[in-house]
Amino acid sequence: MTPLMEMGPATIGGSLAEQQASVSAARRLVARIGRDNVIRILTFIGLMLLWEGLSRVVRRIIFTSPARALDAFTEMVRDGSLLEAWQETLFVLVTALTIASILGVTLGILLGRYRTVSDLFEPELNAVFMTPRIALLPIITLWLGFGDPAKILVVFLFSFFDIFFTVRNGVRTIDAEYVEVSRAYCVSERTMLLKVVLPASIPFVITGLRLGLLHGMVGVVLAGFFLENNGIGGLVFEFAANFKVPFLFASLLTVMLVGVTMNQSLRWLERRVAPWRAEAML
């Protein structure tokens, strides 16, 4: 190794210049990608390394590696079983979330805005909300059987109350100054509802939809477990029962991917319809 005293100023200066150039290039790369995205990428890489390390010390019968899970995913895509399962699941999920969103937002606004309507319907809604949804499965299967209608009702019950309560509480917390100013100008109730209450409740609607999606995903997977064993829930149940661990992990990863994709879509929608709310969350 060359002693430091034998290194000329040009050599030292060149090394420092190369280091500074490397640091500058790294900073430019981070700035271009974005600091948050860099953190996400590094976190993902770290999790993959941790997963690979655990797969080398945990028995294969209860764990698997990323490579084997990827191979299982490729095989399910090739034979069409994964696509078929998600087609059935998304039909149930989208149908139930659509019904839950319409009813949840409508009732949330009405019960949040009008005390009389709240006194009439809120005790019954609270009673159903306090009942564990799993406990309702026997009567749901008795009424609707084990097919898609029963699954849609299960997912609806899992997602409706998050949407309803979020919107209702949001409407009740709308700044009273807006309402008082509207009344001072003799604004009609219909105009106040359309021009004041609805725009102010948009962020709460988006938040409610995101919470409803979260619990709706739980409901649709559980419906596949306990009702007709199809869809992604049935696929997960089948792989777990037969100890097909790579296929089980691959199926669960698709559940995570679909959930994250739908959640990010709702966040994009929030930035479009309520940019002031999205900026506040940054």
Side-chain angles (χ1 to χ4, degrees), residues 19 21-90 93 134 155 158-159 162 207 209-226 229 231-268 270-271 278 281-282:
Q19 293 175 3
S22 301
V23 171
S24 299
R27 288 177 177 174
R28 287 196 299 271
L29 179 63
V30 171
R32 185 165 59 249
I33 298 176
R35 179 177 177 274
D36 293 340
N37 290 330
V38 170
I39 293 175
R40 294 189 184 102
I41 293 171
L42 293 177
T43 302
F44 176 77
I45 294 174
L47 289 174
M48 289 298 102
L49 293 175
L50 177 62
W51 182 3
E52 178 65 30
L54 288 175
S55 68
R56 297 177 183 273
V57 297
V58 181
R59 292 182 299 171
R60 288 191 176 186
I61 194 172
I62 59 173
F63 206 70
T64 190
S65 67
R68 290 195 293 270
L70 180 60
D71 291 339
F73 172 79
T74 304
E75 182 176 340
M76 286 190 292
V77 171
R78 188 182 299 115
D79 62 24
S81 60
L82 188 62
L83 178 61
E84 180 181 357
W86 270 112
Q87 285 177 338
E88 298 170 352
T89 298
L90 288 177
L93 182 63
I134 294 296
V155 179
F158 268 87
S159 57
D162 294 283
T207 301
L209 292 177
R210 292 173 64 185
L211 292 173
L213 169 65
L214 171 64
H215 291 94
M217 291 290 292
V218 175
V220 79
V221 173
L222 289 178
F225 288 174
F226 295 104
N229 290 125
I232 194 64
L235 207 62
V236 169
F237 182 84
E238 177 186 350
F239 291 146
N242 293 286
F243 292 94
K244 294 182 178 180
V245 180
F247 293 89
L248 174 61
F249 272 68
S251 302
L252 291 175
L253 287 174
T254 63
V255 174
M256 297 178 191
L257 181 61
V258 170
V260 169
T261 301
M262 297 181 73
N263 181 63
Q264 291 298 319
S265 299
L266 288 174
R267 294 190 66 177
W268 174 85
E270 182 179 17
R271 289 193 295 268
M281 296 295 291
L282 294 177

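Note: hydrogens, waters and symmetry copies are ignored here, and every other heavy atom, side chains too, is used.
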Taking all non-hydrogen atoms of both residues, which atom of [X] and which atom of [Y] are closest, and how far apart?
{"X": "Leu222", "Y": "Ile134", "answer": "CD1-CD1, 3.9 Å"}
{"X": "Val236", "Y": "Ser251", "answer": "CG2-CB, 3.8 Å"}
{"X": "Asp162", "Y": "Gly212", "answer": "CB-N, 4.0 Å"}
{"X": "Leu235", "Y": "Leu82", "answer": "CD2-CD1, 4.3 Å"}
{"X": "Phe158", "Y": "His215", "answer": "O-CB, 3.2 Å"}
{"X": "Thr64", "Y": "Trp51", "answer": "O-NE1, 2.8 Å"}

**Q.** pair Val77-Leu83: side-chain heavy atoms closer than 4.5 Å
**A.** no
Q) For Leu213 and Leu209, what are the C-alpha separation, side-chain angles and deciding distance, and is it a side-chain contact (heavy atoms from CB on, under 4.5 Å)? A) CA-CA 6 Å; Leu213 169 65; Leu209 292 177; over 6 Å; no
**Q.** Thr89 (side chain) donor-acceptor with Trp86 (main chain) under 3.5 angstrom
**A.** no
**Q.** Backbone N/O of Glu238 and side chain of Asn242: donor-acceptor pair under 3.5 Å
**A.** yes
Q.
Once rounded to the nearest 0.5 Å, what's the spacing between atom OG of Ser65 and atom CG of Leu54?
A. 11.5 Å
Q) In Å and rounded to the nearest 0.5 Å, what is the CZ to CZ distance from Arg68 to Phe247? A) 12.0 Å
**Q.** Full working for side-chain contact (heavy atoms from CB on, under 4.5 Å) between Met262 and Arg210
**A.** CA-CA 9 Å; Met262 297 181 73; Arg210 292 173 64 185; over 6 Å; no
Q: List in chain and number order the residues that pass side chain to side chain contact (heavy atoms under 4.5 Å, CB included) with Trp268, two or more places apart in sequence or in another chain; answer none if no residue qualifies.
A: Arg271, Arg272
Q. By side chain to side chain contact (heavy atoms under 4.5 Å, CB included), which residues pair with Phe237, not counting sequence neighbours?
A. Phe225, Asn229
Q: Please assess Phe249 against Phe63 for the test ring-ring contact (aromatic ring centres under 6.0 Å, His included), listing each intermediate value before the final yes or no.
A: CA-CA 8 Å; Phe249 272 68; Phe63 206 70; 5.3 Å; yes
Q | Verdict with supporting geometry, Met217 and Leu93, side-chain contact (heavy atoms from CB on, under 4.5 Å) | A | CA-CA 7 Å; Met217 291 290 292; Leu93 182 63; 3.5 Å; yes
Q.
Under the rule for side-chain hydrogen bond (donor to acceptor under 3.5 Å, both in side chains), what residues qualify as partners of Ser265, not counting sequence neighbours?
A. none
Q. Taking it one step at a time, do Met256 and Leu253 satisfy side-chain contact (heavy atoms from CB on, under 4.5 Å)?
A. CA-CA 5 Å; Met256 297 178 191; Leu253 287 174; 4.0 Å; yes
